[in-house]
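This chain uses plain numbering: 1 for the first residue, then up along the sequence. The figures here come from the full heavy-atom set of this structure, side chains too, leaving out hydrogens, waters and symmetry mates.
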Amino acid sequence: MQALLDLLGRELHDAQLEFVTPIGARWTLGRGLPCARVNLAQAATLRRILLHPRYELPATYTRGEWAPADGDLLKVLEVATRIQLQWDATGRGLWGRGLAWLGELNSALRARRNVHAHYDRDADFYGSFLDADWHYSCGYFERAEQTLEAAQQAKCELIARKLNLRPGARVLDIGCGFGSLAMYLAERHQARVTGVTLSEAQLALGRERLASRDLHGRVELRLQDYRHTQGQFDAVVSVGMFEHVGRPQYAEFFRMVRQRLVPGGTSLIHTIGRSGPPGVTNPWIRRHIFPGGYIPAASEVLGTIEHASLVLTDLEIWRQHYAHTLAAWHQRFESTRDRWRDRYGEEFCRMWTFYLLASQASFQSGDLVVFQLQLARRPATVPLTRDYLYRSRAAANFWDRRQQRSRKLRAVRTRAAAPPKDRPEQDSEN
C-alpha cells in the first residue's frame, strides 16, 4: 500500500499525513510540513479512503473508523486540505466536473427538498451554537478577538451601508433564514423588509421572533421561492443563499435580481466563493450537508452578472472571517455535544463536528473566501468612493447632500414653471 501512497504523493511537498494501525503498521502520504498523524481502526479503512478520498475521509470518521493521534481533528483537516489543493492544481480529483451540473439543477421542488435536508432541524439545535440573534452565516470580525455576537452585528451594519438604505426603503431579503438581517434593517434603518425562505423551521421561528418585536407592518417573512417573488424593491439582499442556487440557475437568479430592483436600487449578494478556479462540490458535503449546493469561483459569477445587465459597483473579499465564525460555532456546539448525542446519536455529532472543522480548515488553509458583490442597474447609484462603507457619517452625509440637491432642483423647477406674478419671492436674510 505504501507504493500506491508514494505514487499518489509524488507531487506533494508541503503536507504529510501518517496513518497508523493498532498493530503498528504505518503508511505515509506526502512529505514536508505540516504533518498530522491518524490512528486507524484497521488497515481496510485506509484502502477505502484511497479509493474515494473526498467521500471516505469524512464518512469513515463519522463511523468512528479513525481518529487524530493527538486529538486535534482541525490539524488533520488542515493537512488534508493542503493535500487536496495540490492534487487539484494538477487536475487530479476534479473528474466529474461536468456531471456535477446535473446535481445542481435545482427546480423549485428540488430546491425545497434540499433546504429541508439541512435547515429544517429543531430550532434549538441551531440556537445552541449560533449567536444570540440567530445569524447562520459569516460574521464580520473587525478585530480577531471580537465576540461572535458583535461580529454578526458588524456584518449587518456593513451590509446596510452597502445597500444605501434610507428610511422607508423597500428591501427584498432572499434566503432570509431566521429573519435576523430583516429585523436588523427594519429596527436600525427603518426599512420595510420582505424576507423569503424555503425552510419551514426557520420561517416558524422567524415569525415567532418577529411577533415579540415592535415591527408590525415593517417586516414580512414568507415561505416562497425567490423565482416566484413579485414587485420592485429599493434593495435586494441575499446572505448565504447563493451557494444553494446552482450554476444552471445563475442567469435566472441575476435576471430576477435586476427585475426586482428599481432603476436606482442597490443589491448585495453575500456568498462563499473560491479564490481559485472553478472546482467541484465535495461528494460527502453534497450528500450529507448541502445537497444541490455549489461554491462558485469569481469567474463563474461575474460573466453572468454582465449578461444580466447589472453593474458590479463593488466586490469585497473576506478571507479569514468565516474561519473565526466557524471556530466560534464549533466551540459552542462542543459545549452542548452531550445533549445532541442523546437526541441524534454519536454518528450525527461526529458528522457535524467534521462539517464545522473541515469548513474552518478550508477557509484557513484552503481556497474558500466570502464574496460580497454590490450590484446596481446604474453605475452612479452608489457614492464615488468607498469611504461611506466605513464611516457612518460619510454615508449619512452622502444621502443628505443627495436629498438637498433634489429639493433645490424641485424648487428651481417650480419657480421656472410658475407665471411671473405667481412666482414666490426669494427669501431675504434679516
Side-chain angles (χ1 to χ4, degrees), residues 135 137-138 140 142 152-176 179-196 215 218-220 226 229 231-242 253-254 256-271 301-302 305-306 308-318 370-410:
H135 291 273
S137 58
C138 178
Y140 183 67
E142 297 169 309
Q152 295 292 9
Q153 295 300 296
K155 182 259 302 287
C156 292
E157 183 57 33
L158 182 57
I159 288 173
R161 294 180 190 177
K162 290 188 177 185
L163 291 174
N164 294 322
L165 295 180
R166 299 180 295 278
R170 297 160 298 168
V171 180
L172 173 62
D173 184 1
I174 303 172
C176 63
S180 306
L181 176 62
M183 287 182 263
Y184 181 94
L185 297 179
E187 289 177 335
R188 303 292 184 88
H189 293 272
Q190 295 75 55
R192 291 181 291 149
V193 187
T194 300
V196 297
L215 293 172
R218 292 161 59 190
V219 176
E220 179 188 4
Y226 69 92
T229 305
Q232 284 202 303
F233 300 84
D234 301 296
V236 176
V237 63
S238 180
V239 177
M241 177 272 180
F242 189 73
F253 178 87
F254 286 111
M256 181 279 306
V257 170
R258 189 184 189 282
Q259 291 167 358
R260 299 285 77 80
L261 274 179
V262 299
T266 309
S267 178
L268 191 284
I269 309 300
H270 170 120
T271 178
V301 179
L302 299 183
I305 291 173
E306 294 167 359
S309 299
L310 287 166
V311 179
L312 179 66
T313 52
D314 191 82
L315 170 58
E316 185 174 6
I317 311 296
W318 294 8
V370 170
F371 298 151
Q372 278 205 338
L373 302 108
Q374 185 192 54
L375 310 171
R377 292 176 59 174
R378 298 172 177 172
T381 298
V382 300
L384 191 60
T385 72
R386 302 181 82 246
D387 290 350
Y388 73 104
L389 298 179
Y390 306 106
R391 301 177 187 171
S392 57
R393 284 309 306 163
N397 290 339
F398 169 79
W399 289 113
D400 287 344
R401 291 193 298 271
R402 186 166 176 171
Q403 291 169 353
Q404 288 170 7
R405 286 196 298 268
S406 296
R407 286 194 295 269
K408 289 180 180 178
L409 182 59
R410 285 195 298 270

Under 3.5 Å, side chain of Gln152 to main-chain N/O of Ser137, donor-acceptor pair present? yes

Return the minimal non-hydrogen interatomic distance between Cys138 and His270, and the atom names on each side. CB-NE2, 4.0 Å

Here the pair of heavy atoms bringing Val219 nearest to Ala182 is CG2-O, 3.9 Å

I want to check something: taking the side chain as every heavy atom from C-beta on, are Leu181 and Val237 in contact at a cut-off of under 4.5 Å? yes

Residues Ser267 and Leu261: closest non-hydrogen pair is CB-CD1, 4.0 Å

Leu158 and Gln372, any side-chain heavy atoms less than 4.5 Å apart: yes

Relative to the ring of Tyr140, is the ring of Trp318 parallel (under 30°), tilted (30 to 60°) or perpendicular (over 60°)? tilted

If we only count heavy atoms from C-beta on, is the Val301 to Phe242 side-chain gap below 4.5 Å? yes

Kindly give the heavy-atom pair with the smallest separation between Cys176 and Gly195, and that separation in Å. SG-C, 3.6 Å

Side-chain heavy atoms of Thr229 within contact of Met256, under 4.5 Å: no

Would you indicate whether the side-chain heavy atoms of Leu373 and Leu302 approach each other to under 4.5 Å? yes

Those residues at least two apart in sequence (or on a different chain) that pass salt bridge (charged side-chain N to carboxylate O under 4.0 Å, His left out) with Lys162 are Glu316

Within the structure provided, determine whether Glu142 and Tyr390 are in side-chain contact (heavy-atom separation under 4.5 Å). no

Which heavy atom in Ser309 sits nearest to a heavy atom in Arg258, and how many Å separate them? O-NE, 3.1 Å

Just so I know, are the side chains of Thr381 and Thr313 near enough to count as touching, which here means a heavy-atom distance under 4.5 Å? no

Mark yes or no for whether Arg260, through its side chain, and Leu172, through its backbone, hold a donor-acceptor pair below 3.5 Å. no

Is a donor from one side chain sitting under 3.5 angstrom from an acceptor on the other, for Gln153 and Tyr184? no

Carefully, step by step, assess Leu163 and His189 under the rule side-chain contact (heavy atoms from CB on, under 4.5 Å). CA-CA 11 Å; Leu163 291 174; His189 293 272; over 6 Å; no

Under 3.5 Å, is there a donor-acceptor pair between the side chain of Thr271 and the main chain of Phe371? no

Could you tell me the separation between the CZ atom of Arg161 and the CG atom of Leu165, rounded to the nearest 0.5 Å? 11.5 Å

Distance from Asp173 atom CG to Phe233 atom CZ, nearest 0.5 Å? 10.5 Å

Are side-chain heavy atoms of Asn164 and Pro383 found at a separation under 4.5 Å? yes

Who pairs with Ser238 by side chain to side chain donor-acceptor pair (under 3.5 Å), at least two apart in sequence or on another chain? none

Would a distance-only check, ignoring hydrogens and angles, find a side-chain to backbone donor-acceptor pair under 3.5 Å from Gln374 to Leu268? no

Taking all heavy atoms of Arg377 and all of Pro263, pick out the closest pair and write down the distance. CB-O, 3.7 Å

Rounded to the nearest 0.5 Å, what separates atom CG in Leu312 from atom CD1 in Ile269? 11.0 Å

